[in-house]
Asker: 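Just passing along the structure, written as structure tokens.
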4 protein chains.
Amino acid sequence: MSMIAASAGISHGLLYHYFKSKDELFTELVRLAMEGASGGIDEMFDHPGTVIDKLRHFLQDAMNEEARLFFLLIHQARASEGVPEEVRMIIGNYSIDWFVEQLKPLFLEGQRTGEIASDDAGQLIAGLLTVMSGTMILHASDEENIPLLNPDHLLRLVLAPAHIQPL
Amino acid sequence: MSMIAASAGISHGLLYHYFKSKDELFTELVRLAMEGASGGIDEMFDHPGTVIDKLRHFLQDAMNEEARLFFLLIHQARASEGVPEEVRMIIGNYSIDWFVEQLKPLFLEGQRTGEIASDDAGQLIAGLLTVMSGTMILHASDEENIPLLNPDHLLRLVLAPAHIQPL
Amino acid sequence: MSMIAASAGISHGLLYHYFKSKDELFTELVRLAMEGASGGIDEMFDHPGTVIDKLRHFLQDAMNEEARLFFLLIHQARASEGVPEEVRMIIGNYSIDWFVEQLKPLFLEGQRTGEIASDDAGQLIAGLLTVMSGTMILHASDEENIPLLNPDHLLRLVLAPAHIQPL
Amino acid sequence: MSMIAASAGISHGLLYHYFKSKDELFTELVRLAMEGASGGIDEMFDHPGTVIDKLRHFLQDAMNEEARLFFLLIHQARASEGVPEEVRMIIGNYSIDWFVEQLKPLFLEGQRTGEIASDDAGQLIAGLLTVMSGTMILHASDEENIPLLNPDHLLRLVLAPAHIQPL
DNA sequence: GATGAATGAGTCTTCATTCAT
DNA sequence: GATGAATGAAGACTCATTCAT
């Protein structure tokens, strides 16, 4: 907490004025990260163009430098022991399954248009999300040695072979 | 250290009998994990069959439940501050670039046989490795909610479109 | 550290608020002790009277109850292994030789006036300092059984025979 | 205990075969040191020559390199807290007062012959012993910087002025 | 006699948290 | 709002001691 306060240029005493405890601060950050993530999905649906255009936009939006630390945060929240109950609830609400449900309509449409591979949509989505998160976490922990993947590369996991383009 | 010792059913005192410090224990684990990883590559080359067969074997070997914690360990070693100097050296020796160099001959052959996509081999390998590691780390941190990916799914990142099969 | 904190009536946590480590606290004490010692020499030169008067004042000043623990501290610093580098430097700066040099002018004058024995001044000073320190350390460790020596008794080590008085 | 055993070239297990505990080993060493000290006094009385000859022999015997660690040991025993009860008893038996009593006959004879200063014999002896011990302890803890005093120098504390010789 | 695996009390140190000012 | 002195639980590490072999 003292280090966080110092980073923010305030005393740790004042940090406790804004957040009752480290758990509360952590919970707040997780909440923000999750809202950002679901906001990204809404934005994707508003994006013009084909299914592939929307997906590419979603990936580009999620896989930028700013989003890095959010992924790391969620990872910590998922991976650590002794995480506050409230954080576990937030994470539960935004489970992989929840994201799968959000994206399923898009993928089903993509399969109708022939853009998306004709495998089980849920499996494709879960795979894409897992791989995207994993990539971001790796990059976030060691940016020097682990480059961000080209979103088009990741798309190969879900595209119909006919739509795969050179990198 | 006391928790580790308790997990092993010994006193922390005895743990210090075998490892001079937490750093030394950690270093030893990282060393083991890294040797396991490079061993997996050797084994892949000995595996019979096509390039795809070899790669599938490599992924299945790496992405099993036992290997889970090794990925998590390496991730910790890469991501954390205050990691012992020796660990940083070991990790430096087995960089992403090193793995890329090991796998490049196989990928070049795969491109000759038409099994592997005709993009830059280095980029394909780095992408596959990143995604594989990221997936394992996510799964290792939260096995209940994040299923292991089907290795064939990951292979889509590097296969020539003609060789992509339904999942 | 906990015992020291308890002696001071504070928690060990607060002690660490003021001193980053046991080494730093120890270093600070050694520094203070050494400054006190060299201050005693300055004061001696300002003291009025003959060479013997000055020396007697110096000994009385150094050999009081308060100074006791300082001698013990310096002794620990000299005698112990694993003493912080900075402490070794401070002690090196205030070596026996350094004190000898400080006192030499006074002793040479004393030899001119006939108050000080006509042996090698450096040897006389080193002997007096050693004996004074040793006495203080013994007294500090076991005040009940080892009485403080009368400074006049110590002076016999350096006085010309003609100036020796009954105790 | 492990370090002591290693110095002796045996395992710490075997050290416990010979000494039931660290306290017992320490007690044994203190006992030996004290017997050596009182043996030195007996030997002094057997030494031929004048009172000064005997005293000089005593000092030379006590202030050699071998005796160094014995003085340090006794000092530790006197100075430390938590010293075993038996050690405290041994030290109590060989108190300063006990040594004073042992040496008093010699000093009284020396005062008759005019060799020893005509101050209170007890005070002279206590002073000489204190100074001798202190010197040895200092030298033992830091032999490089603190030279052993010339025994003749120490004798000045107790000699009649007429018998003081150049160093 | 001899070894070293095994234990646990005690020590230094960190850090989240509280609270008087 | 803002500060930092103050606390204590918890973790890394050491070392005297025991005991099976």
Side-chain angles (χ1 to χ4, degrees), chain A residues 1-29 76 80-84 87, chain B residues 1-29 80-84, chain C residues 1-29 80-84, chain D residues 1-29 76 80-84 87:
Chain A
M1 291 295 274
S2 289
M3 289 172 69
I4 292 170
S7 288
I10 62 175
S11 68
H12 64 261
L14 187 52
L15 186 53
Y16 276 93
H17 184 76
Y18 293 114
F19 299 94
K20 223 171 36 232
S21 68
K22 198 181 186 185
D23 274 5
E24 191 180 300
L25 168 55
F26 185 60
T27 305
E28 200 53 41
L29 289 175
Q76 285 296 335
S80 307
E81 295 178 7
V83 159
V87 166
Chain B
M1 291 295 273
S2 289
M3 288 172 69
I4 293 171
S7 290
I10 61 175
S11 67
H12 68 261
L14 185 54
L15 188 51
Y16 278 95
H17 186 73
Y18 292 114
F19 300 93
K20 256 203 318 279
S21 67
K22 198 181 185 185
D23 274 5
E24 190 180 299
L25 168 54
F26 185 61
T27 305
E28 199 53 41
L29 290 174
S80 307
E81 294 179 7
V83 159
Chain C
M1 290 295 272
S2 289
M3 288 173 67
I4 293 170
S7 289
I10 61 176
S11 67
H12 66 262
L14 185 54
L15 188 51
Y16 278 94
H17 186 73
Y18 292 115
F19 300 94
K20 254 201 323 280
S21 66
K22 197 181 185 185
D23 275 5
E24 190 180 299
L25 168 54
F26 185 60
T27 304
E28 198 55 38
L29 290 175
S80 306
E81 295 179 8
V83 160
Chain D
M1 290 294 275
S2 290
M3 287 173 70
I4 293 170
S7 288
I10 61 176
S11 67
H12 65 261
L14 188 52
L15 186 51
Y16 276 92
H17 184 75
Y18 293 115
F19 299 95
K20 221 168 41 232
S21 68
K22 197 181 188 186
D23 275 5
E24 190 181 300
L25 169 54
F26 185 61
T27 305
E28 199 55 38
L29 289 175
Q76 284 296 335
S80 306
E81 295 178 7
V83 159
V87 166

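It should be emphasised that the depicted structure is a prediction, and the values quoted were computed from it without experimental measurement. To find a chain, count down the sequence lines: A is the first, B the second, and so on, and within it residues start at 1.
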Asker: Indicate, with a heavy-atom threshold strictly under 4.0 Å, whether D:F19 touches base, sugar-phosphate, or nothing.
Answerer: nothing

Asker: If I compare all heavy atoms of A:I4 with all of A:L15, which pair ends up nearest, and what's the gap?
Answerer: CG2-CD2, 3.9 Å

Asker: Taking CD1 from C:I4 and P from E:dC12, how many angstroms apart are they, rounded to a whole number?
Answerer: 8 Å

Asker: Check DNA chain F for consecutive Watson-Crick or G-U pairs with both distances under 3.5 Å and list the runs of at least three as stems.
Answerer: E:2-21 with F:2-21

Asker: CG of B:L25 versus P of F:dA12: gap in Å, rounded?
Answerer: 11 Å

Asker: Take atom CE of B:M1 and atom P of E:dG8, then tell me their distance rounded to the nearest Å.
Answerer: 17 Å

Asker: Please give, in whole Å, the distance from E:dC15 P to A:M3 CE?
Answerer: 8 Å

Asker: In whole angstrom, give the distance that lies between atom CZ of D:F26 and atom C1' of F:dA16.
Answerer: 15 Å

Asker: Find the distance between OH (B:Y16) and NZ (B:K22) and round it off to the nearest 0.5 Å.
Answerer: 8.0 Å

Asker: Find the distance between OG1 (A:T27) and CD (A:E24) and round it off to the nearest 0.5 Å.
Answerer: 7.5 Å

Asker: Closest approach of D:Q76 and D:V83, non-hydrogen atoms and distance?
Answerer: O-CG2, 4.4 Å

Asker: Nearest nucleotide by nearest heavy atom, which residue falls closer to the 5' end of DNA chain E, C:S2 or A:S21?
Answerer: C:S2

Asker: Return the residues of residues 6-16 of chain B meeting this criterion: a heavy atom under 4.0 Å from some atom of DNA chain E. Order them by number, or give none.
Answerer: B:I10, B:S11, B:H12, B:G13, B:L14

Asker: In Å, rounded to the nearest 0.5 Å, how long is the span from CG of D:L29 to CG of D:L25?
Answerer: 5.0 Å

Asker: In whole Å, I'd like the distance from the OH atom of B:Y18 to the P atom of F:dA12.
Answerer: 20 Å

Asker: Let me know the distance between NZ of D:K22 and C1' of E:dG10, rounded to the nearest Å.
Answerer: 13 Å

Asker: Let me see the working for D:H17 and D:L14 under side-chain contact (heavy atoms from CB on, under 4.5 Å), right down to the final yes or no.
Answerer: CA-CA 5 Å; D:H17 184 75; D:L14 188 52; 3.8 Å; yes

Asker: A:H12 and A:S2: which non-hydrogen atoms are nearest, and at how many Å?
Answerer: ND1-OG, 3.5 Å

